[in-house]
Undergrad: 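Can you keep this structure in mind? I'll have questions shortly.
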Amino acid sequence: MSDVTKLTAAELGRKLAAKEVSAVEVATAHLDRIAAVEGKVHAFLHVDRDGALAAAKAVDDQRAKGAELGPLAGVPIGVKDVITTKGVPTTAGSKILEGWRPPYDATITSRLREAGLVMLGKTNMDEFAMGSSTEYSAYGPTYNPWDTTRIPGGSGGGSAAAVAAYEAPLAIGTDTGGSIRQPAAVTGTVGAKPTYGGTSRYGLIAFSSSLDTPGPCARTVEDAALLHAVIGGHDPRDSTSIPQPVPDVVGAARLGATGDLSGVRLGLVREFSGEGAEPGVAAAYRESVDALVKLGAEVVEVSCPSFKFALPAYYLIAPSECSSNLARFDGVRYGLRTGDDGRRSLEEVMSLTRDAGFGPEVKRRIILGTYALSAGYYDAYYGQAQKVRTLITRDFQAAFEAADVLVAPTTPFVAFPLGSRTSDPYQMYLADLFTIPSNLYGGPAISVPAGLSEGLPVGLQIMAPTMADDRMYRVAAALESAIPPLTPPAL
Ligand code: GLN
C-alpha cells in the first residue's frame with residue numbers, strides 16, 4: 001500500500017469510500033507518523049491514540065453496514081487546543097488549564113465527529129492564541145517542518161506544522177488576527193479564515209470574541225473547502241453566528257482548479273503591494289499575481305488608506321476583549337489553583353493562580369486591555385480603535401466595488417529563526433501586518449502557497465467580501481493549479 005499520509009483528504013475520502021483502505025489503517029498510519037516525527041516537530045500537545053482508533057473503527061463499522069457517509073468520513077484531523085473536546089485535555093497552550101478535560105464538545109468538534117472525521121489529538125499554539133510563532137505556548141514551541149530551527153507561525157503553529165509534516169491531512173485553526181493564515185504561509189500549507197460568524201465560536205475558548213474565527217488548515221485548497229463545508233453554517237448556540245448556509249466553497253474550489261479566471265477582477269491593495277514585505281516575499285507575490293493574470297484575471301489597483309491603522313487598532317481591541325474574557329480563569333472554576341492553603345483569602349488565591357498560570361504575553365495583554373477599557377481612557381483608546389475598525393470596513397466596501405477579491409502577501413517575511421523576535425513584542429506583532437485588516441472587517445481570507453523565498457514557503461493572501469467565501473476558494477484553487485506544489489524536505 002502507498003503511504004496514505006501523503007494523500008490529500010479528498011483522495012483519502014475516496015479510497016475510504018471505495019474500501020481500498022480502512023479508517024483504522026489510515027488512523028494507524030498517521031499515529032505512526034506522529035510517533036516518528038513529533039520529537040522534531042512538536043505539533044501536538046496531546047495525542048489521543050485510543051480515541052482516534054475507536055472513532056476510526058466506528059466509521060469502518062458504519063461503512064460495513066452500508067451507511068451513507070460524508071466525503072471526509074474516516075479522514076484524520078488535528079484540532080487546535082483552544083477548541084473544547086469532551087473528555088480530552090484542552091489547555092489553550094496555557095498552564096492555567098493544565099489537566100482540564102472539558103465536560104462538553106465545541107460545535108466544531110461535534111460537527112467533525114458527526115461527519116466521521118477522526119481526531120488524532122490537540123495541536124500546539126501560543127497561549128490563548130496570542131502570538132505569531134507558537135513560542136508563547138507554555139508547553140514549548142512547535143518547529144517548522146521546512147527548517148526545524150525556525151518558527152511554524154502562530155498562534156496555530158501546531159495545526160499548520162502537523163499538516164505540513166504529514167502528521168494529519170487536515171487540522172482546525174482559529175484566526176483572530178492571522179493565526180490560521182500566517183502559519184499556513186510560513187509552512188507552505190493552505191489556511192482559510194471564513195467569514196466571521198460563518199463558523200461557530202461555541203466551545204472555542206474566547207480570546208477576542210468580535211474577531212475569533214475557526215477555520216480549516218490543509219495541504220490543498222479543495223481539502224480546506226471540504227473541511228470548511230463540514231464545520232461551517234449556522235449555530236444557534238453562538239449569538240454572532242450567521243443564519244445562512246455555507247457558500248458553495250467546494251464547488252468554487254473545483255471550478256477554480258480548472259484554471260480559468262476570466263472575468264475575475266483582482267484588486268491589488270496599493271498600501272500592501274510590496275512595502276513592508278521583504279524582497280523575496282514581494283517577488284513571490286508579484287509572480288503569483290502574474291500567474292493569476294495568465295489565467296484570465298483582470299488586475300485593478302485599489303487603495304485602502306486606513307489599512308495602515310489596522311495593526312495599532314487590533315492591538316487595542318484584541319487585548320481589551322481578552323482582558324474581559326480571561327477574567328474567568330480565576331482558580332475557582334477551572335484548572336490550576338495556587339496558594340489555597342486554607343489561610344489565604346479568595347482574592348489572594350485568585351491573584352497567585354493568575355500570576356502562576358498566565359505567561360508574560362498574556363499578562364501584557366490583560367494589563368494593556370484593562371488600561372484601555374478603564375473609565376478615563378476608554379474613549380481615547382478603545383473608542384478610537386473601534387472608529388478605525390469602521391474606516392477599515394469602508395475601505396473594504398469601496399475596494400469591493402472595483403474588485404471581486406483583494407490580493408496581498410500573507411506575511412511580510414518567511415519563517416524566522418526561533419527566538420529572534422520573542423524579546424521584542426512589536427517585532428512579533430508585525431507578522432500579522434497584512435492579515436489583520438480582514439479580521440477587523442469580518443470578511444473571509446485565505447493563504448495559499450505562492451512559491452519559495454530563500455528555500456522557505458511564501459503565501460499569497462486572497463480576501464473576499466463577507467459571505468463570499470466561495471470567491472476566494474475559486475481564486476486560491478486557480479493559483480494552486482498554476483504553480484508547482486511545495487514539498488518540505490524529509491524530516
Ligand atoms: N498574532 C496575533 C496576535 O497575537 C493574532 C493571533 C490570532 O489570530 N489568534 O494577537
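What's counted below: heavy atoms across the whole structure, side chains too, no hydrogens, waters or symmetry copies. Keep in mind that this is a model prediction, so the values were computed, not measured. Every number for a ligand or one of its atoms is a count from 1 in the order of the listing.
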Undergrad: Does at least one non-hydrogen atom of G178 fall below 4.0 angstrom from an atom of ligand 1?
TA: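 Within the 4.0 Å threshold, so yes.
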Undergrad: What do you reckon, does D432 have a nitrogen or oxygen under 3.5 Å from a nitrogen or oxygen of ligand 1?
TA: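 D432 vs ligand 1: N/O contact under 3.5 Å present.
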Undergrad: Under the 6.0 Å and 45° cation-pi test, does R421 pair with F413?
TA: yes
Undergrad: In ligand 1, which numbered atoms sit nearer than 4.0 Å to a non-hydrogen atom of S155?
TA: 9 (N)
Undergrad: Minimum distance, heavy atoms only, to atom 8 (O) of ligand 1: which one of G156, G177, S133 is it?
TA: G177
Undergrad: As a check for students: among Y136, F128, Y315, identify the option with a heavy atom nearest to atom 3 (C) of ligand 1.
TA: Y315
Undergrad: If the test is side chain to side chain contact (heavy atoms under 4.5 Å, CB included), which one of V407, I462, V448 qualifies with M472?
TA: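 Only one of V407, I462, V448 forms a side chain to side chain contact (heavy atoms under 4.5 Å, CB included) with M472, namely I462.
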Undergrad: Is it the case that ligand 1 has an N or O less than 3.5 angstrom from some N or O of G154?
TA: no
Undergrad: Taking non-hydrogen atoms only, is F207 closer than 4.0 angstrom to ligand 1 via side chain, backbone, both or neither?
TA: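 Just the side chain.
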Undergrad: Look at the rings of F358 and F329 and say which category their plane angle falls in: under 30° parallel, 30 to 60° tilted, over 60° perpendicular.
TA: perpendicular
Undergrad: When the aromatic ring centroids of F307 and F396 are compared, is their separation below 6.0 Å?
TA: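 Centroid distance F307-F396: below 6.0 Å, so yes.
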Undergrad: For ligand 1, which is the ligand I care about here, please tell me if D175 has any N or O atom under 3.5 Å from one of the ligand's N or O atoms.
TA: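 Min N/O separation from ligand 1 is not below 3.5 Å for D175.
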Undergrad: I need the atoms of ligand 1 closer than 4.0 Å to a non-hydrogen atom of A129, numbered in the order shown.
TA: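 Reading through ligand 1 atom by atom, the close ones are 6 (C), 7 (C), 9 (N).
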Undergrad: Is there any N or O on R365 that sits under 3.5 Å from an N or O of ligand 1?
TA: yes
Undergrad: Decide if atom NZ of K86 counts as having more than 12 heavy atoms of other residues, nucleotides or ligands within a radius under 6.0 Å.
TA: no
Undergrad: May I ask you to list the atoms of ligand 1 that are less than 4.0 angstrom from any heavy atom of S179?
TA: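 By the 4.0 Å cutoff, the relevant atoms are 5 (C), 6 (C), 7 (C), 8 (O), 9 (N).
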Undergrad: Does any N or O atom in M130 lie less than 3.5 angstrom from one in ligand 1, N or O only?
TA: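 N/O-N/O distance under 3.5 Å: no.
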Undergrad: Centroid-to-centroid, Y315 to Y426, below 6.0 Å?
TA: no
Undergrad: Give a yes or no on whether the ring-centroid distance for F434 and Y285 is below 6.0 angstrom.
TA: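 No, the ring centres sit 6.0 Å or more apart.
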Undergrad: Just which atoms of ligand 1 are under 4.0 Å from any heavy atom in Y314?
TA: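 Numbered from 1, ligand 1 contributes 2 (C), 3 (C), 5 (C), 6 (C), 10 (O).
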Undergrad: Identify which one of R201, R181, K193 satisfies the salt bridge (charged side-chain N to carboxylate O under 4.0 Å, His left out) criterion when paired with D175.
TA: R181
Undergrad: Could you point out which residue of S208, P425, C322, S320 forms a side chain to side chain contact (heavy atoms under 4.5 Å, CB included) with R365?
TA: C322
